[in-house]
Amino acid sequence: MQWSKLFIPTLRENPVDAEVVSHQLLLRAGYIRQLAAGVYNYLYLAQRSILKITNIVREEMDGIGAQEFFLPALNPAEVWQESGRWDVMGQNMFRLKDRFGRDLCLGMTHEEVMTYIARGELRSYKQLPQIWYQIQTKFRDEPRPKSGLLRVRQFTMKDSYSFDIDAAGLDAAYDKHHAAYCKIFDRCGLKYIAVEADSGAMGGSQSHEFMVESNAGEDFVAVCDGAKYYANLEKAASVPKPPAAPDPEGDLEPEKFHTPGKKTIAEISEFTGLPATSQIKSLVMMADNKPVLALVRGDHTMHETKFAATVGGANEIRPAHPEEIRDLFGGTSAGSLGPIGVTNMRVIADKALEGRKNMICGANIDDYHLKNVTPGEDFKAEYFDLRQVEEGDTYEGFPIRVVKTVEIGHIFKLGYKYSKSMNLTVLDQNGKEVTPIMGSYGIGVERILTCAIELFHDKDGMSLPAAIAPFELVVTPANFADPGQHETAVGFYEEAKRQGIDVLLDDRDERPGVKFKDADLIGIPVRITIGKKLAQGVVEVVNRRTRESVDVPVAEAIEKAKSILRA
RNA sequence: CGGGGCGUGGCUCAGCCUGGUAGAGCGCCUGGUUCGGGACCAGGAGGCCGGAGGUUCGAAUCCUCUCGCCCCGACCA
């Protein structure tokens, strides 16, 4: 392509509305323009890059025998009502009515429609397994779109769905996806980690997320390279740091003491001179408006997803309001709460409290606390993993880091949720009706681009992996009006095209500085610069990422460029 | 939905407090000089100041309402 004929509206300054790097660069480099909050126009460069990504996705999905479909984004309410998600999705789903007043929505995912197809057509175990996928636009009415293409209301997703006769079949489909995802992200040039994820109350049994470490991310992940353990914080387990002080010895009785005005863990810690690890933190949560008392060690944080998983099936989880707490605890306010004597709600405790003794907690009387409280003796609780993993915890003796990440893919063993609720059955070998088991698997296409930019950029712009850059090579004559440079540049351009290299010729009547700046900005991995040294038969081949520049004879330039692209 | 910020040529912003009829830099167009890291000179085009209402002789500026966008939080199959 000839640059002079293309629409690549690069910006010299950063648009003020862009905060994260990938967003700034996508705008500055002329890849995208915003249409509304969380809705973007993908211009020429973005579209080229996205097509390269989707081609890779396609090849690898086809490689595991998946079949590409294309389903409607516009869905009738009925299928969503059947699965129950018409209600569950709430405000997150775009809804509309047609001229006759019928309810419709814009699809967020396509479990329902895929299952709808399957139940109409799949009759026999002989037709299984099946893997169906599509690359399609998804809509989610995000309460708060942000960070450019990272959190948007309309985006492209590769979503696939597997149908199997039994769990072993699902395991195989899942493993195939795991392998295909690794290939896809490897080919896209990303650094990523596959982490164990919460499979939630959806009836799923196993789930992995593919994450890219990035400050722009919103998910926190526990990383333990030593033990090769990687898990989303929603799910991660670890060994906490030991208590900072030993528990007092002896079979002591709880003893009330006055703590005027001391409410927080830190205040009690200071008041008693004992570390936070000696305290029991009491949290009153409401699960669908039913109270639950959750206990964790004073220095620990409860993780709401773990709490939700423990309570199971609740639609709404929230901390109790101050008035509710007073109602439930005979007038006592948060800050003096404890588990002793609590009978009007379920009491659950984090495992880190099991086996501890003579600890401190609230006395359920304002401004009083208790010491010598021993879990299991002085109060009963059910023990679960409720605490959030923290930096400094260990896993099998190895230290854990907590990193911020962006989710680029998610694979999920769905189980029977959709096949059951939507009555998908086939006949097995014995002529008996059985319900197929399903899996669902997603990849956020734009997030691959976005993460690549987050991972690979410098002060001058993007430095995209060759496989997903809009062009592989840019030919930059310093002065295109110079006949020699002109001829050489066009020669490179034609030869590169002939060899199947995605090449861009910067034939613009611009000063060299402008061309260099633009080439760096839009992130083309290799540049051949033709300038004064052409008189000696030499041109420069520049590696965008390393900034390495080598002078090579004209005849060797394309070869050199190819060697960089292959690396 | 709570909190904060911002809407003025394509972009970045000034002007607003203290009302008097709109500016700069970049970009764009024309001509010329330039030509290895976002050139220079000269000339030029381009803005119902987000929208509506109000106060006033007069509103970008003051008041009310409204819409949009960004950030923090809540939320995130």
Side-chain angles (χ1 to χ4, degrees), chain A residues 7 9-20 23-24 27-30 33-40 80 83-94 105 107-112 138-148 150-153 155 157 159 197-204 207 209 216-220 232 234 304-305 308 315-319 406-407 410 412 414 417-418 440-442 444 459-461 476-482 485 506 508-521 527 529-534 539-540 542 547 549 551:
Chain A
F7 181 62
T10 58
L11 264 24
R12 190 187 291 243
E13 289 173 278
N14 256 331
V16 70
D17 278 347
E19 195 102 335
V20 303
H23 188 199
Q24 293 175 345
L27 288 166
R28 271 196 68 201
R33 287 294 184 261
Q34 184 171 31
L35 182 61
V39 182
Y40 287 87
W80 289 80
S83 73
R85 291 210 295 178
W86 180 259
D87 296 319
V88 172
M89 288 304 188
Q91 297 272 91
N92 286 321
M93 189 152 70
F94 278 106
C105 66
M108 306 175 70
T109 63
H110 282 77
E111 280 84 358
E112 283 82 358
K138 304 291 190 219
F139 298 88
R140 293 181 191 182
D141 195 356
E142 288 288 342
R144 188 180 155 210
K146 59 181 219 179
S147 308
L150 275 178
R151 185 159 214 82
V152 289
R153 299 193 292 172
F155 59 98
M157 185 186 224
D159 50 322
D198 176 41
S199 36
M202 302 284 291
S207 167
E209 290 167 335
E218 300 180 295
D219 281 306
F220 289 91
N232 193 304
E234 292 174 351
E304 275 201 26
T305 306
N315 287 323
E316 190 208 25
I317 301 279
R318 61 170 173 85
V406 174
E407 179 186 348
H410 197 163
F412 198 86
L414 277 179
K417 177 177 165 64
Y418 297 92
S440 85
Y441 318 86
K459 64 174 174 47
D460 292 314
T476 309
N479 180 1
F480 197 56
D482 176 272
Q485 290 188 25
D506 196 346
R508 295 177 297 169
D509 180 22
E510 288 287 356
R511 297 168 61 83
V514 173
K515 297 188 216 183
F516 297 151
K517 289 287 185 192
D518 274 344
D520 287 351
L521 222 206
R527 184 177 84 214
T529 307
I530 303 148
K532 293 195 190 87
K533 281 176 273 185
L534 182 62
V539 296
E540 286 167 32
V542 185
R547 296 294 191 170
S549 169
D551 291 348

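Within every chain, numbering begins at 1; the chains are lettered A, B, ... in the order of the sequence lines, protein sequences first and strands thereafter.
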Considering every strand shown, what is the Watson-Crick or G-U wobble mate of [N] when both distances are under 3.5 Å?
N     : value
B:U33 : B:A39
B:C6  : B:G68
B:A14 : none
B:A22 : none
B:C75 : none
B:C62 : B:G54

Selection from [options] that lies nearest to any side-chain heavy atom of [X]:
X        : options             : value
A:Arg85  : B:A39, B:A77, B:G37 : B:A77
A:Lys146 : B:C71, B:C35, B:C70 : B:C71
A:Glu540 : B:C70, B:A77, B:G36 : B:G36

On a whole-Å scale, what distance lies between the [atom1] atoms belonging to [N] and [M]?
N     : M     : atom1 : answer
B:A14 : B:G9  : C1'   : 14 Å
B:C6  : B:C16 : P     : 15 Å
B:G10 : B:G3  : P     : 33 Å
B:A22 : B:C49 : C1'   : 8 Å
B:C75 : B:G20 : P     : 48 Å
B:G68 : B:U21 : C1'   : 27 Å
B:C41 : B:G27 : P     : 12 Å
B:A24 : B:C69 : P     : 31 Å

message: Strictly below 4.0 Å: does A:Lys532 bring a side-chain N or O up to OP1 or OP2 of B:G36?
response: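 Yes, such a contact exists.
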- request: Tell me whether the OP1 or OP2 atom of B:C70 has a side-chain N or O from A:Gln34 closer than 4.0 Å.
  value: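 A:Gln34 to B:C70 OP1/OP2: side-chain N or O found under 4.0 Å.
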What is the distance from [atom1] of [X] to [atom2] of [N], rounded to the nearest Å?
X        : N     : atom1 : atom2 : result
A:Gln24  : B:C69 : CD    : P     : 20 Å
A:Arg140 : B:C75 : CZ    : C1'   : 13 Å
A:Leu534 : B:G36 : CG    : P     : 14 Å
A:Arg33  : B:C69 : CZ    : P     : 17 Å
A:Lys533 : B:C35 : NZ    : C1'   : 16 Å
A:Arg144 : B:C70 : CZ    : P     : 9 Å
A:Lys515 : B:G37 : NZ    : P     : 13 Å
A:Glu112 : B:A77 : CD    : C1'   : 10 Å

Protein-nucleotides 7-14 of chain B N/O pairs under 3.5 Å:
residue	atom	partner	partner atom	Å
B:U12	OP1	A:Val16	N	3.0
B:U12	O2'	A:Glu13	OE2	3.4

Under 4.0 Å, heavy atoms only, any strand: does [X] hit a base, just the sugar-phosphate, or nothing?
X        : result
A:Ser440 : nothing
A:Asp482 : nothing
A:Leu27  : nothing
A:Ala478 : base
A:Arg527 : base
A:Ser147 : sugar-phosphate
A:Glu234 : nothing

- request: Assess the side chains of A:Lys146 and A:His23: does a donor N or O sit below 3.5 Å from an acceptor N or O?
  value: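 No donor-acceptor contact under 3.5 Å links the two side chains.
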query: Does a side chain donor of either A:Asp198 or A:Thr305 reach within less than 3.5 Å of an acceptor in the other side chain?
result: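 No, no side-chain donor-acceptor pair sits under 3.5 Å.
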query: Any donor-acceptor pair under 3.5 Å joining the side chain of A:Asp520 to the base of B:G37?
result: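 Between B:G37 and A:Asp520, which were checked side chain against base, a qualifying N/O pair under 3.5 Å is present.
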query: Atom CD of A:Glu540 and atom CG of A:Leu534: how far apart are they, to the nearest 0.5 Å?
result: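 CG of A:Leu534 is found 11.5 Å from CD of A:Glu540.
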message: Please report the interatomic distance CG(A:Leu521) to CG(A:Asp460), rounded to the nearest 0.5 Å.
response: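 A:Leu521 atom CG to A:Asp460 atom CG measures 8.0 Å (nearest 0.5 Å).
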field: Contact summary for A:Gln485 and A:Ala478, nearest pair of heavy atoms
entry: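 Scanning both residues completely, I find the closest heavy atoms to be OE1-N, 3.2 Å.
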- request: Can you sort out the partners of A:Phe480 under ring-ring contact (aromatic ring centres under 6.0 Å, His included), two or more places apart, ordered by chain and number?
  value: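 Listed in chain order: A:His486.
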Does this structure show an ion pair linking [X] with [Y], if we count only N-O contacts that are shorter than 4.0 Å?
X        : Y        : answer
A:Lys417 : A:Glu111 : no
A:Asp518 : A:Arg508 : yes
A:Asp520 : A:Lys459 : no

- prompt: For A:His410 and A:Glu209, what are the C-alpha separation, side-chain angles and deciding distance, and is it a side-chain contact (heavy atoms from CB on, under 4.5 Å)?
  reply: CA-CA 4 Å; A:His410 197 163; A:Glu209 290 167 335; 3.7 Å; yes
- prompt: Of A:Ala36 and A:Glu218, whose nearest nucleotide on RNA chain B comes first from the 5' end?
  reply: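 Result of the comparison: A:Ala36.
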- prompt: With nearest nucleotides of RNA chain B determined for A:Thr10 and A:Glu407 from heavy-atom distances, which residue corresponds to the more 5′ nucleotide?
  reply: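 Nearer the 5' end of the strand: A:Thr10.
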